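Data block below; observations after.
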Amino acid sequence: MLSKKQLRLDIKAVANALKKRYFYFDVDQFFELESNRKKNQIETENLQNLRNMQSKVIGKAKASGEDVKSLLKNIADLSTKLNLSKSNLQLIQSEINVIILSMPNIPHHSVPNGKSEEDNIEVSKWGKLGKYDFDVKDHVDLGAMYGLDFETAVKISGARFSVMTGKIARLHRALTQFMLDRHSEVNGYTEAYVPYLVNTESLIGTGQLPKFEADLFKTYLHGEKGETKTLYLIPTGEVPVTNMMRDMIIKESDLPLKFVTHTPSFRSEAGSYGRYTRGLIRQHQFEKVELVQVVKAQDSYQALEVLTTHAEDILQALELPYRKINLCAGDLGFSAAKTYDLEVWLPGQNVYCEISSCSCFEDFQARRLQLRYKNKETNKLELLHTLNGSGLAVGRTLVAVLENHQQADRSIKIPSVLQSYMGGLEVMN
RNA sequence: GGAGGGAUGGCAGAGUGGCUAAAUGCACCGGUCUUGAAAACCGGCAAGGGCUAAUACCCUUCUAGGGUUCAAAUCCCUAUCCCUCUACCA
């Protein structure tokens with residue numbers, strides 16, 4: 001959420017900045033709502049003030065035993081006016097709120113111009129693409145030999161789910177364990193276990209709601225009296241972890257906060273059929289290790305650079321070639337001010353595929369979350385900045401390991417950092 | 001599942017209809033003292049919003065949402081969360 005103050009002061013500048021991401025915003029409509037709000041608010045507060053004063057007069061009159069009948073008569077009329085004005089104001093304010101909640105974040109100045117992923121800018125590349133002097137298979141074919149099974153998943157759930165048994169299930173788990181250990185032991189994150197079902201407030205806090213309900217799986221908890229409570233399956237571990245800090249005032253000495261979590265992610269991906277749908281790439285349920293940081297405003301862009309290297313660290317350790325992309329404004333997610341995507345090379349499909357997305361949200365989420373700290377210098381409460389990044393998407397990492405480390409005999413070389421997690425296994429065959 | 005109790009500022013904790021945005025303590029900030037620190041003493045200290053050049057001033061907020069009342073932290077209803085006893089249980 002953008003700051004209301006900023007919107008009031010310089011709505012045109014905000015609208016202009018949002019054009020960069022191809023979000024068009026009706027300035028005139030907002031301006032009218034806003035001036036309406038102002039008029040109504042002043043009126044309402046004046047009426048409220050009047051009534052407060054009169055009520056005090058009545059209180060005093062009563063205390064000294066005077067007759068208050070005529071005073072009560074006067075105030076009745078005032079109350080009617082006040083209530084009318086109040087509900088009017090509420091209406092306007094909720095209208096304004098709806099608009100503000102659906103406005104995306106302003107891109108950072110270092111974000112390239114552009115409309116779609118074609119305009120993203122490659123920042124760096126790492127690793128040598130493997131040379132395969134044999135017929136390269138993709139992970140679906142390779143996986144089938146080691147226990148990756150989509151047909152059984154169709155039976156028990158439907159399309160876009162997977163079942164893994166045996167060696168590949170072990171490899172999948174090994175990847176998760178490795179990532180968690182690396183981030184908590186080497187990169188300085190505190191491991192967190194969190195709920196996979198979250199309430200509406202949490203999703204508003206991180207920006208998935210109100211705009212993107214269609215992407216979520218929604219569940220209903222039925223109470224005894226027929227009331228229902230809505231909970232959503234998390235689309236990413238970012239939601240529960242970032243919301244741990246909702247409505248909190250963080251001690252300055254505790255900053256920065258760094259958490260790593262392993263959770264499944266559930267995405268309905270409504271309507272996103274087409275590309276990349278084969279195999280494990282786009283699933284309704286996948287595992288992810290997620291990094292979350294909460295930092296002071298002046299530290300956030302430095303933190304984004306470092307956080308991204310933590311995700312890169314995993315790719316490098318697993319010997320997976322990748323490139324780092326600076327997303328253009330048009331391709332940025334709703335809440336992000338700047339995002340680096342890491343794309344891993346998939347020789348089975350001859351493409352780079354997104355495996356991590358590292359974003360700085362500035363105070364966009366923190367404002368919704370009311371996540372603040374007390375600045376010692378100013379002695380004021382200030383919003384913190386939030387960041388997160390996948391470190392990494394486990395399913396896609398599995399794909400990358402299979403495809404990059406395949407050998408002519410269809411065996412898979414296990415990267416050395418994983419071997420201890422695989423009971424010492426060096427080659428999977 | 002049954003029976004009770006509770007939710008107040010950064011924290012702890014008073015407060016049962018108007019003089020309470022809220023005692024007190026801790027924490028925090030400023031000062032006195034001190035070579036320096038601690039202790040002691042003095043002073044300050046909720047958040048959000050409106051208006052404003054900035055003050056002043058005004059409004060809102062005592063878990064949330066409704067209600068009663070001229071007036072609600074305080075009374076009523078509902079929800080959420082927490083605690084105690086009790087039963088059951090992986």
Side-chain angles (χ1 to χ4, degrees), chain A residues 1-11 31 33-97 100-101 195 197-205 219-232 240 243-255 257 294 296 363 366-384:
Chain A
M1 185 162 69
L2 299 171
S3 137
K4 283 184 188 164
K5 203 163 243 170
Q6 191 184 6
L7 291 172
R8 270 167 210 161
L9 287 177
D10 210 348
I11 181 63
F31 196 78
L33 265 175
E34 198 21 53
S35 59
N36 227 332
R37 184 227 100 226
K38 192 181 253 190
K39 203 184 90 200
N40 266 275
Q41 182 162 346
I42 293 170
E43 186 188 302
T44 306
E45 287 185 1
N46 283 341
L47 287 169
Q48 183 70 255
N49 177 234
L50 260 178
R51 202 191 64 180
N52 287 349
M53 291 196 306
Q54 298 229 25
S55 285
K56 271 182 192 157
V57 170
I58 291 173
K60 276 183 189 145
K62 250 190 168 171
S64 59
E66 290 170 43
D67 182 34
V68 294
K69 257 192 190 153
S70 63
L71 289 171
L72 289 181
K73 240 181 205 168
N74 287 340
I75 217 167
D77 187 44
L78 185 59
S79 282
T80 319
K81 265 197 216 159
L82 174 63
N83 287 337
L84 203 79
S85 182
K86 242 190 207 167
S87 59
N88 208 356
L89 178 65
Q90 262 173 20
L91 216 71
I92 296 169
Q93 270 169 339
S94 67
E95 245 177 283
I96 291 177
N97 271 338
I100 292 181
L101 275 176
L197 286 160
V198 296
N199 56 31
T200 308
E201 291 74 27
S202 294
L203 287 155
I204 290 174
T219 72
Y220 301 93
L221 196 67
H222 299 281
E224 283 172 18
K225 294 162 202 154
E227 79 279 12
T228 55
K229 195 172 148 183
T230 303
L231 289 171
Y232 296 85
N243 274 281
M244 291 197 305
M245 277 75 75
R246 190 170 77 217
D247 293 323
M248 274 177 62
I249 292 167
I250 310 292
K251 259 203 234 151
E252 190 168 1
S253 56
D254 289 341
L255 292 168
L257 301 177
V294 176
K296 290 188 215 169
D363 61 13
R367 186 170 292 110
R368 293 170 170 229
L369 294 161
Q370 283 302 296
L371 167 52
R372 298 171 293 176
Y373 81 108
K374 190 158 210 172
N375 184 328
K376 271 214 163 158
E377 277 163 37
T378 60
N379 216 23
K380 292 246 174 203
L381 294 177
E382 289 177 15
L383 291 170
L384 286 159

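All figures in this text were calculated on a predicted structure; none of them were measured in a lab. In the text below, chain A, chain B and the rest are named by the order of the sequence lines, each starting its count at 1.
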Would you tabulate the pairs of protein nitrogen or oxygen atoms and nucleotide nitrogen or oxygen atoms of nucleotides 60-62 of chain B closer than 3.5 angstrom?
unit_1 : atom_1 : unit_2 : atom_2 : d
B/U60  : OP1    : A/Q48  : OE1    : 3.2

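- Below the 3.5 angstrom threshold, one finds no donor paired with an acceptor across the side chain of A/Q41 and the base of B/G49.
- A/K60 has its NZ atom 14 Å from the P atom of B/G18, to the nearest Å.
- For the pair A/L197/A/Y232, no side-chain contact is recorded, criterion being any heavy-atom separation below 4.5 Å from C-beta on.
- Partner assigned to B/U55 is none, using Watson-Crick or G-U wobble distances below 3.5 angstrom.
- Checked by atom type and distance alone, the side chain of A/S55 never pairs as donor or acceptor with a backbone atom of A/N52 at under 3.5 Å.
- Near RNA chain B, defined here as any heavy-atom distance below 4.0 Å, the residues from residues 72-85 of chain A are A/L72, A/I75, listed numerically.
- Across B/G67 and B/U74, the matching P atoms stand 14 Å from one another, rounded to whole Å.
- As a whole-Å value, the separation of A/K56 NZ from B/G17 P is 18 Å.
- Comment: A/E252 engages A/K296 in a salt bridge, judged by a side-chain N to carboxylate O separation of less than 4.0 angstrom.
- Between A/R246 atom CZ and B/U63 atom C1' the separation is 13 Å, expressed in whole Å.
- Residue A/K62 contributes atom NZ, which lies 14 Å from atom P of B/C19 at whole-angstrom precision.
- For the C1' atoms, the distance from B/G1 to B/C76 is 28 Å, rounded to whole Å.
- Base pairing analysis places B/C70 opposite B/G18; the two distances defining the Watson-Crick or G-U wobble pair are each below 3.5 Å.
- Between A/N199 atom CG and B/U63 atom C1' the separation is 14 Å, expressed in whole Å.
- Contact annotation: the side chain of A/I92 approaches that of A/L33 to within less than 4.5 Å [non-hydrogen atoms, C-beta and beyond].
- Taking the P atom of each, B/U86 and B/C29 are spaced 46 Å apart, rounded to whole Å.
- Applying the side chain to side chain contact (heavy atoms under 4.5 Å, CB included) rule to A/K251 yields the partners A/S253, A/D254; only residues at least two apart in sequence or on another chain are considered.
- Annotation: side chain to side chain donor-acceptor pair (under 3.5 Å) contacts of A/K4 (sequence neighbours excluded): A/N97.
- Applying the side chain to side chain contact (heavy atoms under 4.5 Å, CB included) criterion to A/S79, with sequence neighbours excluded, gives A/R51.
- Remark: the separation of the C1' atoms in B/G48 and B/A39 is 38 Å, to the nearest Å.
- Counting only heavy atoms from C-beta outward, the side chains of A/L78 and A/Q54 approach each other to under 4.5 Å.
- Rounded to the nearest Å, the gap between the P atom of B/U61 and that of B/G4 is 32 Å.
- Across all strands shown, B/G6 is found opposite B/C81 as a Watson-Crick or G-U wobble partner, with both distances under 3.5 Å.
- Every residue two or more places apart in sequence or in another chain that forms a side chain to side chain donor-acceptor pair (under 3.5 Å) with A/S202 is listed here: A/N199, A/R246.
- Under the 4.5 Å side-chain criterion, counting only non-hydrogen atoms from C-beta, A/T230 is in contact with A/Y220.
- Summarising the base pairing, B/A37 is matched to no nucleotide, lacking a Watson-Crick or G-U wobble pair whose two defining distances lie under 3.5 Å.
- Annotation: B/A47 and B/G36 have their P atoms spaced 33 Å apart (nearest Å).
- Nucleotide B/C28 holds its C1' atom 13 Å from the CD1 atom of A/I249, rounded to whole Å.
- Remark: A/L101 pairs with A/M1, A/I204, A/P210, A/R368 by the side chain to side chain contact (heavy atoms under 4.5 Å, CB included) rule, at least two apart or across chains.
- Qualifying salt bridge (charged side-chain N to carboxylate O under 4.0 Å, His left out) partners for A/R367, counting only residues two or more places apart in sequence or in other chains: A/D363.
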With 3.5 Å as the limit, what N/O pairs link the protein to nucleotides 43-47 of chain B?
unit_1 : atom_1 : unit_2 : atom_2 : d
B/A47  : O3'    : A/R372 : NH1    : 3.4

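- Nearest-nucleotide assignment on RNA chain B puts the 5′-proximal partner with A/K5, out of A/K5 and A/Q54.
- Rounded to whole Å, atom C1' of B/G48 lies 18 Å from atom CZ of A/R368.
- Atom C1' of B/A73 sits at a distance of 14 Å from the matching atom of B/A23, rounded to the whole Å.
- For A/L91, the side chain to side chain contact (heavy atoms under 4.5 Å, CB included) test picks out no residue, with sequence neighbours left out.
- Figure legend. B/G1 is base-paired to B/U86; pairs are counted as Watson-Crick or G-U wobble with both atom distances under 3.5 Å.
- Here, B/U78 and B/U68 have their C1' atoms 15 Å apart, quoted to the whole Å.
- A side-chain donor-acceptor contact under 3.5 Å links A/E382 and A/N375.
- The distance between atom CE of A/M53 and atom P of B/C58, rounded to the nearest whole Å, is 9 Å.
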Taking only N/O atoms, report every protein-nucleotides 51-57 of chain B pair under 3.5 Å with atom names and distance.
unit_1 : atom_1 : unit_2 : atom_2 : d
B/C51  : OP1    : A/K38  : NZ     : 3.4

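- Taking a pair to require two hydrogen-bonding distances under 3.5 Å in either a Watson-Crick or a G-U wobble arrangement, B/C62 remains unpaired.
- A/L369 is not listed as a side-chain neighbour of A/D247, based on a closest heavy-atom distance of 4.5 Å or more.
- The salt bridge (charged side-chain N to carboxylate O under 4.0 Å, His left out) contacts involving residues 33-45 of chain A comprise A/R8-A/E34, A/E34-A/R37, where partners must be two or more places apart or lie in separate chains.
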